[in-house]
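Here is how names work: the chains are called A, B, and so on, in the same order as the sequence lines, proteins then strands, and each is numbered from 1.
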2 protein chains.
Amino acid sequence: MLDLSRYLPYLLNRAGAHIASAFNRRVREYGITLPIWRVLAALNHRDGQRISQLAEMTAIEVSTLSRVINLMVRKRLTGRRRSGGDARAVTVHLTAAGRMLTRRIIPVAREYEAVALAGFSKAEADMLRAMLVRLYGNMQRLDAALEIVAAE
Amino acid sequence: MLDLSRYLPYLLNRAGAHIASAFNRRVREYGITLPIWRVLAALNHRDGQRISQLAEMTAIEVSTLSRVINLMVRKRLTGRRRSGGDARAVTVHLTAAGRMLTRRIIPVAREYEAVALAGFSKAEADMLRAMLVRLYGNMQRLDAALEIVAAE
DNA sequence: TATTGTTATACTCTATAACTATA
DNA sequence: TATAGTTATAGAGTATAACAATA
């Protein structure tokens with residue numbers, strides 16, 4: 001019928017959920033939650049992103065993200081600025097405190113990645129990364145196709 | 001600092017969250033949610049599992065799962081039975097309606113897996129599955145190690 | 001008119017703990 | 001005492017839609 005032990009969405013969810021909940025428990029020690037860490041990591045990657053870009057990167061809904069950012073602003077981790085080009089858009093920026101906290105957590109994040117990849121060769125780990133990127137691209141193309149159908 | 005485009009937990013979350021939310025929208029057409037589908041798929045794999053086993057398989061918290069099962073019982077998709085050996089334990093079973101609904105959704109689930117794996121060779125897809133299983137095993141070993149530390 | 005982001009609402013999930021029944 | 005599961009509660013997240021400001 002459906003062999004769950006070979007069903008990719010199942011395997012993906014199980015692995016992802018376990019690493020996420022383990023890391024969520026860990027970042028609590030730094031006074032933040034996993035969604036906040038995701039925003040910090042996204043801004044560390046590229047500062048000054050717009051809400052819609054951050055939502056895409058962190059896989060957090062725009063309306064949820066807007067309130068996560070509120071919380072982060074109250075914690076003095078980020079600030080909002082009106083974007084130059086489009087006055088509707090807002091860009092989000094790390095504060096000095098936000099950058100410092102991110103730097104403290106990065107080594108912990110690397111630890112968890114190392115635990116997850118224990119026993120993997122470098123080539124295997126790279127192949128896994130590349131396949132997850134391709135898989136994401138496939139799902140984005142599906143989203144785009146469904147949007148066209150919905151618009152009809 | 002931290003190269004997000006090569007950071008495994010990020011890639012895993014992004015791919016998993018996108019396929020999950022796409023499939024969640026789809027199963028709504030069948031009057032159920034993604035957590036309910038996960039329980040159906042787990043019971044289709046092996047019927048009569050205990051709550052704790054289902055929680056592990058579906059990555060849903062036990063207390064949340066207990067209420068998901070309540071909902072499924074009200075929808076006549078599953079039933080509860082007292083387990084023979086241990087009278088504390090409860091086993092969950094698909095009803096005929098639950099089995100029928102699962103059978104209807106399985107082809108749709110396969111479709112989504114096929115979309116996610118578009119462009120992958122069979123060997124690549126199998127390698128991805130195997131690596132996700134290993135990754136999950138690594139995280140389970142971490143959980144076990146942390147429990148020992150917590151007990152001390 | 002369409003888009004960007006914020007806010008409101010109801011619902012769902014999580015985390016924690018209290019509770020019942022059994023071991 | 002410990003374990004399996006249920007229920008209660010508060011805090012977050014999701015989904016949807018209404019809204020303000022701007023394009």
Euclidean distance, atom [atom1] of residue [X] to atom [atom2] of [N] [Å, nearest integer]:
X       : N      : atom1 : atom2 : result
A/Leu71 : D/dA12 : CG    : C1'   : 10 Å
B/Leu65 : C/dT14 : CG    : P     : 10 Å
A/Asp86 : C/dG5  : CG    : P     : 8 Å
A/Glu61 : D/dA17 : CD    : P     : 13 Å
A/Ile60 : D/dA15 : CD1   : C1'   : 15 Å
B/Asn24 : D/dT16 : CG    : C1'   : 14 Å
A/Arg82 : D/dA21 : CZ    : P     : 10 Å
A/Arg28 : C/dT16 : CZ    : C1'   : 11 Å

CZ of A/Arg81: more than 12 outside heavy atoms within 6.0 angstrom?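 Incorrect, the count does not exceed 12.
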Heavy-atom nearest nucleotide on DNA chain D for A/Val68 versus B/Arg25: which residue maps closer to 5'?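 Taking each residue's closest nucleotide, the earlier one in sequence belongs to A/Val68.
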Run the side-chain donor-acceptor check on residues 28-47 of chain A: report pairs under 3.5 Å with partners two or more places apart or on a different chain.
| unit_1 | atom_1 | unit_2 | atom_2 | d |
| --- | --- | --- | --- | --- |
| A/Glu29 | OE1 | A/Arg26 | NH1 | 3.1 |
| A/Arg38 | NH2 | B/Asn13 | OD1 | 3.2 |
| A/Asp47 | OD1 | A/Leu94 | N | 2.9 |

Would you indicate which nucleotide in [options] comes nearest to any side-chain atom of [X]?
X       : options               : result
A/Thr64 : D/dG5, D/dG13, C/dA15 : D/dG13
B/Arg88 : C/dA23, C/dA15, C/dT3 : C/dA23
A/Asn70 : C/dT22, D/dT14, C/dT7 : C/dT7

On DNA chain C, does the nearest nucleotide to A/Arg67 precede the nearest nucleotide to A/Thr91 from the 5' side, or the other way round? Give the residue. A/Thr91
For [X] and [Y], indicate whether the former's side chain and the latter's backbone hold a donor-acceptor pair under 3.5 Å.
X        : Y        : answer
A/Thr95  : A/Arg76  : yes
A/Ser66  : A/Val62  : no
A/Arg134 : B/Gly119 : yes

Which part of the nucleic acid, if any, lies within reach of [X] when heavy atoms closer than 4.0 Å are counted: base, sugar-phosphate only, or nothing?
X       : value
A/Ser63 : base
A/Ser21 : nothing
B/Arg80 : sugar-phosphate

Near DNA chain D, under 4.0 Å by heavy atom, which residues of residues 36-58 of chain B?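 Listed by number, they are B/Arg50, B/Ile51, B/Ser52.
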Criterion side chain to side chain contact (heavy atoms under 4.5 Å, CB included) on A/Gln53 and A/Glu56, from CA distance to verdict: CA-CA 5 Å; A/Gln53 295 174 306; A/Glu56 175 71 16; 5.7 Å; no
If a pair satisfies ring-ring contact (aromatic ring centres under 6.0 Å, His included) and one of its residues is in residues 116-143 of chain A, list it, with sequence neighbours excluded.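 Every pair satisfying ring-ring contact (aromatic ring centres under 6.0 Å, His included) with a residue in residues 116-143 of chain A: A/Tyr136-B/His18.
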